[in-house]
Participant: 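Dropping a structure here in structure tokens format, bear with me for questions.
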Protein chains: 2
Amino acid sequence: MTFAARRPAAGTRDAADGYRLDDQVGYLLRRASQRHLAIFAARIPELTPTQFAALARLNQMGPLSQNLLGRETSMDASTIKGVIDRLAARGLVATDPDPEDRRRLVVSLTEAGRALFAGLAAEALAISEETLAPLTAAERRQFLSLLRKLA
Amino acid sequence: MTFAARRPAAGTRDAADGYRLDDQVGYLLRRASQRHLAIFAARIPELTPTQFAALARLNQMGPLSQNLLGRETSMDASTIKGVIDRLAARGLVATDPDPEDRRRLVVSLTEAGRALFAGLAAEALAISEETLAPLTAAERRQFLSLLRKLA
DNA sequence: CCCCGATCATTTGTATGCAAACGGAGTGTG
DNA sequence: CACACTCCGTTTGCATACAAATGATCGGGG
């Protein structure tokens with residue numbers, strides 16, 4: 001005796017009943033991102049994760065054109081523009097025209113930006129640790145490995 | 001002969017050099033969410049993932065107050081308001097005052113909303129599958145299990 | 001019964017994030 | 001050299017997200 005006999009023959013009804021929001025990867029990703037954001041905002045209130053990502057990439061790669069920096073940090077052209085505008089307004093990055101290509105706007109870290117990043121990098125690593133705290137060390141490695149395949 | 005001798009003695013410089021953006025869980029979560037969103041938008045262009053989540057929860061739980069629906073879908077009060085406003089403008093949900101508590105706004109699925117959800121549920125499951133496609137079946141189970149612990 | 005704290009919905013301000021369209025600038029081809 | 005194609009930066013419009021403040025309402029305690 002199963003429940004199969006109670007199911008309607010058509011497909012849509014089955015799918016609607018079988019859809020469990022709490023099991024969907026998109027919903028879980030959104031929730032995990034929200035939790036991470038809360039941890040980040042609590043420990044580094046002066047920057048957002050995206051702003052910090054831009055500083056980190058500039059620190060790692062040196063000056064980059066605005067659009068390229070966007071690609072290197074997974075932000076589209078309009079998003080990176082807003083991020084750079086806000087960082088520039090606070091004096092953390094400088095923007096200069098590229099003499100070799102007049103379309104380009106070269107973004108570079110200022111000394112203040114470099115110092116801020118250097119002072120916060122350890123805290124940023126601690127944020128990643130706290131985000132992964134519910135997992136054991138082995139689970140963290142496994143999770144990051146799988147997550148990388150989806151990114 | 002290692003590189004250790006070239007490292008400065010202080011801590012901040014070490015942390016700045018040791019910070020690899022591409023290894024940080026927050027960055028990877030953002031990228032995975034972006035990929036999922038692109039898949040969702042391509043396959044269900046008429047709804048956003050959050051809008052679909054609200055319909056799914058209403059389909060599962062029945063009518064709910066607006067704030068409670070927000071909690072049940074991990075959206076704060078101002079976010080869920082905008083989502084419900086847009087769904088209501090399209091006739092997919094109805095909002096009525098709660099006679100038992102005049103603070104509350106009861107949100108319920110309309111027939112159109114119920115039909116739309118039923119018609120899209122199978123596609124939504126396919127979206128989850130496509131998002132997880134880079135993983136094997138065993139990896140998917142493992143990944144979802146770990147992700148749930150972080151959400 | 002009145003007050004106090006909690007809850008509900010709303011509004012405002014700020015910050016991603018994506019789509020689409022635009023003009024300016026490089027590049028390669030015929 | 002002219003043209004098409006591409007890239008760069010910008011702008012607009014829309015949709016999450018969160019913080020903070022507000023006003024209305026509900027609940028319980030004194």
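Numbered from 1 within each chain, the chains take letters A, B, ... in sequence-line order. Side-chain atoms are counted along with the backbone in the values below, which use heavy atoms only and exclude waters and symmetry mates.
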Participant: What is the distance, rounded to the nearest whole Å, between atom CG of L29(B) and atom P of dT16(D)?
Facilitator: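 Atom-to-atom, L29(B) to dT16(D), this comes out as 20 Å.
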Participant: Heavy-atom distance under 4.5 Å between the side chains of E72(A) and L68(A), does that happen here?
Facilitator: yes
Participant: Between C1' on dG17(C) and CZ on R86(A), what's the gap in Å once rounded to a whole number?
Facilitator: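 Result: 11 Å.
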Participant: Could you give the CD1-to-P distance, from I84(B) to dT10(C), as a whole number of Å?
Facilitator: 10 Å
Participant: When you check every protein heavy atom under 4.0 Å of nucleotides 18-29 of chain C, what one-letter string (B, S, -) results, 5' to 3'?
Facilitator: BB----BBS---
Participant: What is the distance, to the nearest angstrom, from the CG atom on L69(B) to the P atom on dT16(D)?
Facilitator: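 Taking CG of L69(B) and P of dT16(D), I get 13 Å after rounding.
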Participant: Heavy atoms, side chains only, cut-off 4.5 Å: are L144(B) and L132(B) in contact?
Facilitator: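 Answer yes - side chains close enough.
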Participant: Without decimals, in angstroms, what is the distance between D85(B) CG and dT16(D) C1'?
Facilitator: 13 Å
Participant: Side-chain N or O of R30(B) versus OP1/OP2 of dT16(C): is the shortest distance under 4.0 Å?
Facilitator: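 False: R30(B) side-chain N/O out of range (4.0 Å or more) of dT16(C) OP1/OP2.
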Participant: Rounded to the nearest angstrom, tell me the gap between atom CZ in R35(A) and atom C1' in dA17(D).
Facilitator: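 In whole Å, dA17(D) C1' lies 18 Å from R35(A) CZ.
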Participant: Please figure out whether V106(A) or T48(B) has its closest DNA chain D nucleotide nearer the 5' end.
Facilitator: V106(A)
Participant: Quick one: pull up CG in L87(B) and OG1 in T110(B) and give me the separation to the nearest 0.5 Å.
Facilitator: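 Nearest 0.5 Å value for the CG-OG1 distance: 9.5 Å.
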Participant: Return all side-chain donor-acceptor pairs below 3.5 angstrom for residues 40-53 of chain A, not counting sequence neighbours, or 'none' if the list is empty.
Facilitator:
| unit_1 | atom_1 | unit_2 | atom_2 | d |
| --- | --- | --- | --- | --- |
| R43(A) | NE | E123(A) | OE2 | 2.7 |
| R43(A) | NH1 | E130(A) | OE1 | 2.7 |
| R43(A) | NH2 | E123(A) | OE2 | 3.3 |
| T48(A) | OG1 | T50(A) | OG1 | 3.1 |
| T48(A) | OG1 | Q51(A) | N | 3.1 |
| Q51(A) | OE1 | T48(A) | N | 3.1 |

Participant: Mapping T50(A) and S65(B) onto DNA chain C by nearest heavy atom, which one lands closer to the 5' end?
Facilitator: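 Its nearest nucleotide lies further toward 5', so the answer is S65(B).
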Participant: Report the distance from atom CZ of R104(B) to atom P of dC26(D), rounded to the nearest whole Å.
Facilitator: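 Checked: the CZ to P distance equals 10 Å.
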Participant: Under a 4.0 Å N-O cut-off, is there an ion pair linking R148(A) with D23(B)?
Facilitator: yes
Participant: Between R20(B) and D22(B), does any NZ, NE, NH1 or NH2 come within less than 4.0 Å of an OD or OE carboxylate oxygen?
Facilitator: no
Participant: Tell me: CG of L105(A) to P of dT11(D), nearest whole Å?
Facilitator: 12 Å
Participant: How long is the straight-line distance from CD1 of I80(B) back to CD of Q66(B), given to the nearest 0.5 Å?
Facilitator: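 Output value for this atom pair is 6.5 Å.
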